J.: 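Got a structure here, written out as C-alpha cells. Questions coming.
All figures in this text were calculated on a predicted structure; none of them were measured in a lab. The sequence lines fix the lettering, A, B, ..., with proteins before strands; numbering per chain opens at 1.
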2 protein chains.
Amino acid sequence: MTEMKRPVTIQDVAREAGVSTATVSRVMSNPGIVAATTRAAVEEAIARTGYAVHHSARNLRRQRTGSIVALVPNLANPFFSQILSGVSATLSPRGYHLLIADTQNGPQAGGQLLHYLGHGVADGLILFDGTVERAHLAPGAGDRPLPPMVIACEWMEGLALPNVRVDNAAGARLAVAHLAGLGHRRIGHITGPAGNVLTEARIAGTRAALAQAGLETREAWFFAGDFSLDSGAFAAREWLAMAERPTALFCASDEMAAGFIGAVQAAGVEVPRDVSVVGFDNIEIAAHLTPPLSTVRQQRTTIGVEAARMVLGCIDGTVTGAPELVLPVELIARRSSAAPAA
Amino acid sequence: MTEMKRPVTIQDVAREAGVSTATVSRVMSNPGIVAATTRAAVEEAIARTGYAVHHSARNLRRQRTGSIVALVPNLANPFFSQILSGVSATLSPRGYHLLIADTQNGPQAGGQLLHYLGHGVADGLILFDGTVERAHLAPGAGDRPLPPMVIACEWMEGLALPNVRVDNAAGARLAVAHLAGLGHRRIGHITGPAGNVLTEARIAGTRAALAQAGLETREAWFFAGDFSLDSGAFAAREWLAMAERPTALFCASDEMAAGFIGAVQAAGVEVPRDVSVVGFDNIEIAAHLTPPLSTVRQQRTTIGVEAARMVLGCIDGTVTGAPELVLPVELIARRSSAAPAA
DNA sequence: CTGAAAGCGCTTACAG
DNA sequence: CTGAAAGCGCTTACAG
C-alpha cells in the first residue's frame, strides 16, 4: 500500500503488451506504421499501466528540448503579460513549453543569456531585452552554434536578428500630429529610459512630427522618464514648476501618462482643459481612467504571437535570414486630449 | 569556415584533457574530489573548447528536470506579473527554470495539468488556479506518483495541498470595517467571479464585518463582478440605476474599483463625495488614480517567493505534509474613501 | 584520486 | 510490420 510507485516506463508497457520497446515507441509517435492488432494491444497496455512518455528522455534522444525561452527585462512589469500570453498561446498547441527568465534575476544579465544559449536548455529564444551583451550574440562568437533567436519589442542596432516590433516612430508621429491637429503649439514629451531603442525611436518620431507641423522643439519640454508611473508623476512636478509649460504632452508609455495625470490632478490641474495628454501602449485601464486616456495602440498579444511564430519558423527552417516584422500602430483618441484653452 | 560546428560534449573535453569523462564530470560537480593538477588541466580544456554541460542529458541521468511549472489561469492578467517575478527570483538562484503554462491555452484545462503532471516535465508545480480537476490531484489517482505541488493564491476546499495564500476574509473585514468606521451605513460589495474561492472568502468577510458593525446586508448591494475592469464599470451602471444606492462599496479587486470609479465619474458622480470605494490588491496604479484608491494590500511578490520556496522545500524534503501559509493583508486608506455626505 | 562500465528512458536507422 | 542494437550526453557506484 505505502510502497513507492516507480514511474512506469516504456519497458513496462512493452513487457505488458508482449512487444519490443521500439513498437511501443512507434505506436506513440507514428501509429499508422504498426499493425492494427499490435497497436490495439499496445494501446491497451498503455491505458492499463497509465504510461506517459518521459520527456527528458525523449528530448535527449531527439536532440531537442521542446522549450522556448522568453528573456524579459522585468517580469514584474505587467506590460509583458499580454505578450507572454500570446507567446504561450502559440507555443502550447505546437507542443513547446514556455520557459521564462528575467534578465535582472540571474547572476548578471549576461550570465542568464549565456546559460540559455547553452545547449540542451532551449530550442530557441525570444529576447524582449535589447540591452543584452552583443558579444554573446555575434554569430560564431563562442565556439558553439547558437540556437535560433528572435528579438521582439526592442531590437539591436546593427545586429541582424529576426525581429518583431511595432512602428514606434510612426506611433510618436501619430500622437504628436494629433495634438498639433487639435491646435496645440507647445508640445512636450516624456521619454522612456535613456539609451533604450524604443526611447530613441519615439523621440525621433516626436521631433519629426514637431518639425513637420512647424512647431518648436524645446529641449526643456522633453522630460526624462523611464516608462514607470512614478516617472510620470515626477515629470508632472517638473511641469508644474515650469514658467512656460507645454499645453500638451506625448508620453512614451501609458503608465507615465497615468502617473502624470494623477499628479497634476492632485495639484488641481484639469485634463484636458489645462493640459492634453496622449500615452503609448493602450493598456487596459487607459479607457477607464478619468478622463479616458488618448493613446497609441500597440497590439501586445500580436507581438507575442508573431515572435513565437518567428522562432518556430527559424527552428523548422521555414524562416531564414533575419526578417523584420514591423506591426502597425493606431491612434486612439479619447478624452484626455482636446483643443487648448483659448 | 561555413562548416556546422557540432556542440562540444564532455567526450571532447575528456579527450582534450587526456582524462576520462568521469573526471571531467567530477570537476564540474565536485571539484574538491579531484587532484589539483588534473583539475587545472580539465578546466583549461573546458575553457579552450567552450564546453557547456548539456542540460537534458544531465537531467535525465540525475532523474530530475530542473524545472518548476507555474500554472496560471490567465497569463494575460497583469495580476500575476509580480507573483511570477517573485517565483522567478527565488527559483533562478537555486538553479531551477521556470516553466509557465496558461490553463486556458491547453486542449483543455485538465489536459494541461495532466501533461505537466507527467514525469520528465517538471520537478514540481505551483498551481495558481483552484479550478483544476480535483480528480487529477487526488494522491494516488493515476497510477504514477505525482510531483510535489503547491497551490497559491487560491486553494481547493477539502484537498490537503501545501498552500500559500493571503487572509482574504480578514482583508474584506478590514475594508468594510474601515468604511463603517467612516460612518457609512449602506455598504455594498462588488464580488469576484462566481464559484471562485477568493470570491467566497471575501464575501464571507464582508458579511461578517457588516454583521459586526450592526449594518444591513442587502443582497441587491452585492454586485456580481469577475475581477475585471469592465465588470466594475458594469456594476457602476447598475449602481447608478438604483433607487436606494449604497454610499460605499468594497470591491474584490482594484481593477473593478477602477472600472467602477471611471464609470461613475463619467456620469458626473464624485468620489468619495458621492460614493466611497475601497479595492483589493493594491496594484501599482492604485496610488496614482484620482482620487488615489483606498485598498487592501496583498503582497504579490511575497506570495510568489513563498510559493516557490514551498515547492523547493517539498522537493528537497524540507517541507512535508500540507502546510498552509496565510500571509497578512493590510488596509491602505487613500482618498477614495471618506465620511458619507451629511 | 581516477577509469571502465552501466544506465537514465527513450528513438531510430538497420535488418529481416 | 517488427525487433535487436546502438546511442543521445551525461553521472555515479564500483573497483582499483
J.: Heavy atoms only: give me the nearest B/Asp12-B/Pro7 pair and the separation to one decimal.
T.: OD2-O, 4.1 Å
J.: Could you measure between the two C1' atoms, the one in C/dT12 and the one in C/dG16, and give it in whole Å?
T.: 16 Å
J.: Which sits closer to the 5' end of DNA chain D, B/Ala22 or B/His54, going by the nucleotide each is nearest to?
T.: B/His54
J.: Of the non-hydrogen atoms in B/Ala122 and B/Pro147, which two are nearest, and what is the gap between them?
T.: O-CB, 4.2 Å
J.: What is the distance, rounded to the nearest whole Å, between atom CD of B/Gln11 and atom P of C/dA4?
T.: 12 Å
J.: Looking only at non-hydrogen atoms, find the nearest pair between A/Leu91 and A/His97 and report the distance.
T.: CD2-O, 4.3 Å
J.: State which residue, out of B/Val326, B/Leu325, B/Ile303, fulfils the side chain to side chain contact (heavy atoms under 4.5 Å, CB included) condition with B/Val166.
T.: B/Ile303
J.: Quick check for you: among C/dG9, D/dT12, D/dC10, whose closest atom lies nearest to any side-chain atom of B/Ile10?
T.: D/dC10
J.: Under 3.5 Å for both distances, Watson-Crick or G-U wobble, that's the pair rule; now give the dot-bracket for DNA chain C, with | marking pairs to another strand and [ ] for crossing ones.
T.: |||.||||||||.|||
J.: In whole angstrom, what separates B/Arg15's CZ from D/dG9's P?
T.: 12 Å
J.: Looking at A/Ser88 and A/Pro93, what are the two nearest heavy atoms and their distance?
T.: O-CD, 4.3 Å
J.: Could you check B/Ser20 against A/Ala57 and say which one's nearest nucleotide on DNA chain C is further toward the 5' end?
T.: B/Ser20
J.: Would you check, one step at a time, whether the test side-chain contact (heavy atoms from CB on, under 4.5 Å) holds for A/Ile83 with A/Thr301?
T.: CA-CA 5 Å; A/Ile83 294 178; A/Thr301 306; over 6 Å; no
J.: With the threshold set at under 4.0 Å for non-hydrogen atoms, list the residues of residues 59-68 of chain A touching DNA chain C in residue-number order.
T.: A/Arg61, A/Arg62
J.: Before accepting this row, confirm whether a basic side-chain N of the pair B/Arg39/B/Glu43 lies closer than 4.0 Å to the acidic partner's carboxylate O.
T.: no
J.: Hey, can you pull the residues of residues 23-43 of chain B with a non-hydrogen atom under 4.0 angstrom from DNA chain D?
T.: B/Ser25, B/Arg26
J.: Should B/Arg165 and B/Glu324 count as side-chain neighbours, where that means a heavy-atom distance under 4.5 Å?
T.: yes
J.: Can you measure from CD1 (A/Ile100) to CG (B/Leu84) and round to the nearest 0.5 angstrom?
T.: 7.0 Å
J.: For a quick test of reading the model, state the closest non-hydrogen atom pair linking B/Tyr116 to B/Val69 and the distance between them.
T.: CD2-CG2, 3.8 Å
J.: At their closest point, which heavy atom of B/Thr21 faces which heavy atom of B/Gln11, and how far apart are they?
T.: CG2-OE1, 3.7 Å
